[in-house]
2 protein chains.
Amino acid sequence: MQKETLCLGLLSLGPRSGYEIKQMFEGPLSDFYSLSFGTIYPTLNSLQADKYVSCKQHSQSKKPDKKVYTITKKGMDLMKDNLLGDASSYIRSGNFGDQIKSEFFLLLLFSKYIPNETMNTVLNERVLYLRQKLEQFKYDGPVPGNLDAIRNEKSVSFIRGLASALIETGLNYMEKNRHLLKKKIN
Amino acid sequence: MQKETLCLGLLSLGPRSGYEIKQMFEGPLSDFYSLSFGTIYPTLNSLQADKYVSCKQHSQSKKPDKKVYTITKKGMDLMKDNLLGDASSYIRSGNFGDQIKSEFFLLLLFSKYIPNETMNTVLNERVLYLRQKLEQFKYDGPVPGNLDAIRNEKSVSFIRGLASALIETGLNYMEKNRHLLKKKIN
DNA sequence: GATTATATATATCAATCTGATATATATATG
DNA sequence: CATATATATATCAGATTGATATATATAATC
């Protein structure tokens, strides 16, 4: 999916600044996708130049102006067109997997060259992290204002349910099978 | 993990060409990590220049020479040092998650702007893909020669078991809950 | 039998993206 | 009172990808 479509999609949930879009990537979207500031800000500028979004500058005494972007009708149209195109490309591509870079799995793969105590800590920290993630996905209380819209999306309940189920399976598997990883060669 | 450490780690399983390393990323490693030719070839050249690997040129009548790299003692030492450093960094970083870019989840997220029939195909193809993946992870028969070594790593049985469990959970969840995604706004 | 597609094999590079840094201030923490 | 973190935008060197070039063998399709 193009960065433009993704930014428009997030702005379709309500007006937002670049900083707040980044917060969505760091927060609820962090397990599925991310873009850096170096991509977000130039993308918003180019979307504004082409009238896909409008921008209101909120001067905040002494802090840099907060630029709040609102998606336009033209922007909504482009977003829908692009999403349909992206879905069709996804289907045609034959590539239905996700792009993953997992430091954790690389460490597992080469674990025989890593001291047992170190690998133990790696596994313990991963388990702790997953437990935290599980809580996050199950948590149903209030969230900060700028993250509220995404939380209320219907598709997001489906995704959160899926993520919770996957993490629970992962945790159970690791508890039952981590003894298989003992013993290093060197 | 640095690309150098990763390439050395794969060469520690046995001598290999750059092309064969790429095949590992396309095959058994594809769900955990990947590097492109544009990264692999220059990395191997620099590892060779610094004597971390040696290289034997197998001239094959009319095809480009196959350059088979073998990890040296110096290379094994660097690999182990780096792996220990990487594991320690992983622990200290506080960042225990994986880096993921999932076109599928983005399409789910914005599914209300995508026609029902299109999303249906997206979900069907994803399910088909996951069923295939599951078979792959459970398959215990013979694999092509250059992929044999990684298959026989102890840690890989742990990883394959985990992956199978996760995919099964994902498939079950999607079967039971995909009805929740029906109905689009537009 | 001819053509097309796929596999083997390395190499290079424009375009893209990230991670770091710069700038400036407010607020929380120790 | 000093330090760290959060808000907020912007930029860019360096790293990475995805595409392309080169060359041939083999398998599939027509």
Side-chain angles (χ1 to χ4, degrees), chain A residues 1-7 15-27 29-30 33-49 53 55-69 89 93-95 97-101 103 106 144-147, chain B residues 1-7 15-27 29-30 33-49 53 55-69 89 93-95 97-101 103 106 144-147:
Chain A
M1 187 175 297
Q2 291 171 78
K3 52 192 191 278
E4 287 80 9
T5 315
L6 182 45
C7 287
R16 255 166 196 73
S17 66
Y19 189 80
E20 287 166 336
I21 287 177
K22 180 63 176 167
Q23 284 181 319
M24 300 175 91
F25 283 122
E26 301 272 289
L29 295 178
S30 65
Y33 216 92
S34 189
L35 293 178
S36 68
F37 281 128
T39 299
I40 294 168
Y41 285 126
T43 300
L44 289 172
N45 286 331
S46 100
L47 286 172
Q48 187 189 0
V53 301
C55 177
K56 257 181 214 152
Q57 211 124 338
H58 296 235
S59 51
Q60 333 182 77
S61 55
K62 302 289 178 68
K63 261 187 270 188
D65 285 7
K66 186 171 171 174
K67 293 174 162 183
V68 174
Y69 295 91
S89 301
S93 74
N95 182 18
D98 306 324
Q99 193 204 297
I100 302 180
K101 301 234 165 180
E103 180 79 6
L106 292 186
N146 52 323
L147 302 179
Chain B
M1 187 174 298
Q2 290 170 77
K3 52 193 190 283
E4 287 81 9
T5 315
L6 181 46
C7 288
R16 256 166 195 70
S17 67
Y19 189 81
E20 287 166 336
I21 287 177
K22 180 64 175 167
Q23 284 182 318
M24 300 175 92
F25 284 122
E26 302 272 289
L29 295 178
S30 67
Y33 216 92
S34 191
L35 292 178
S36 69
F37 281 127
T39 299
I40 294 168
Y41 284 126
T43 299
L44 289 173
N45 285 331
S46 99
L47 286 173
Q48 189 190 357
V53 301
C55 176
K56 257 182 216 150
Q57 213 124 336
H58 296 233
S59 51
Q60 333 182 75
S61 55
K62 300 291 178 67
K63 262 189 265 187
D65 284 7
K66 186 171 172 174
K67 292 174 163 184
V68 175
Y69 296 91
S89 300
S93 75
N95 182 17
D98 306 324
Q99 192 204 296
I100 301 177
K101 302 235 164 179
E103 180 80 7
L106 291 185
N146 53 321
L147 302 179

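Order of the sequence lines sets the chain letters (A, B, ...), proteins ahead of strands, with each chain counted from 1.
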- request: Ignoring backbone atoms, establish whether Gln23(B) has a side-chain N or O less than 4.0 Å from OP1 or OP2 of dA9(C).
  value: no

query: Checking all strands, does Ser34(B) fall into the base, sugar-phosphate, or nothing category for heavy-atom contacts under 4.0 angstrom?
result: sugar-phosphate

Whole angstrom value for the distance that separates C1' of dT18(C) from NZ of Lys3(B): 14 Å

message: Given dA9(C), dA10(D), dA8(D), identify the nucleotide with an atom nearest to the side chain of Lys67(A).
response: dA10(D)

task: Just compare dT18(C), dT7(D), dT11(D) and give me whichever is closest to any side-chain atom of Leu35(A).
output: dT18(C)

- line: note: Asp65(B), atom CG; dA11(C), atom C1'; distance rounded to Å ~ 13 Å

query: Can you check the Leu44(A) CG to dT11(D) C1' distance for me, whole Å?
result: 15 Å

- prompt: According to a strict under-4.0 Å criterion, is Lys66(A) in side-chain N/O contact with OP1 or OP2 of dT9(D)?
  reply: no

Closest listed nucleotide, where the reference is the side chain of Ser36(A) and the choices are dA7(C), dG19(C), dT9(D): dG19(C)

Residue closer to the 5' end of DNA chain C, Pro42(B) versus Lys101(B) (nearest nucleotide): Pro42(B)

query: Hey, does Glu20(B) have a side-chain heavy atom less than 4.5 Å from the side chain of Lys66(B)?
result: yes

Protein-nucleotide distance (Ile21(A), atom CD1; dA8(D), atom P), rounded to Å: 13 Å

query: Run the side chain to side chain contact (heavy atoms under 4.5 Å, CB included) check on Lys22(A) and Ser17(A) step by step: do they pass?
result: CA-CA 9 Å; Lys22(A) 180 63 176 167; Ser17(A) 66; over 6 Å; no

query: Does a side-chain N or O from Tyr41(B) land closer than 4.0 Å to OP1 or OP2 of dT10(C), or not?
result: yes

query: Can you tell me if the side-chain N/O atoms of Ser17(B) get under 4.0 Å from OP1 or OP2 in dT10(C)?
result: yes

Nucleotide dT16(C), atom P - distance to CZ of Phe37(A) in whole Å: 22 Å

query: Looking only at atom types and distance, does a side-chain atom of Glu103(A) sit under 3.5 Å from a main-chain N or O of Met1(B), one as donor and one as acceptor?
result: yes

- request: Write down the distance between CD (Glu20(B)) and P (dA9(C)), rounded to a whole number of angstrom.
  value: 6 Å

field: Whole-Å distance separating the CD1 atom of Ile40(B) from the P atom of dA19(D)
entry: 16 Å

message: Once you apply a heavy-atom cut-off of 4.0 Å, does Gln99(B) come out as touching a base, just sugar-phosphate, or nothing?
response: nothing

field: Tyr19(B) side chain near dT10(C) phosphate (N/O to OP1/OP2, under 4.0 Å)
entry: no

- prompt: Could you state the interatomic distance from CG (Leu6(A)) to CE (Met24(A)), rounded to the nearest 0.5 Å?
  reply: 9.5 Å

query: What is the distance, rounded to the nearest whole Å, between atom NE2 of His58(B) and atom C1' of dT8(C)?
result: 15 Å

message: Any base atoms under 4.0 Å from Gly38(A), or only sugar-phosphate, or nothing? Heavy atoms, all strands.
response: base

message: Using a heavy-atom cut-off of 4.0 Å across all strands, would you classify Gln57(B) as base, sugar-phosphate, or nothing?
response: nothing

Value rounded to 0.5 Å, distance of CG in Leu35(B) from NZ in Lys3(B): 9.0 Å

field: Thr39(B) side-chain proximity, nearest of dA10(D), dT17(D), dT10(C)
entry: dT17(D)

query: Which class fits the ring pair Tyr33(B) and Phe25(B): parallel under 30°, tilted 30 to 60°, perpendicular over 60°?
result: tilted

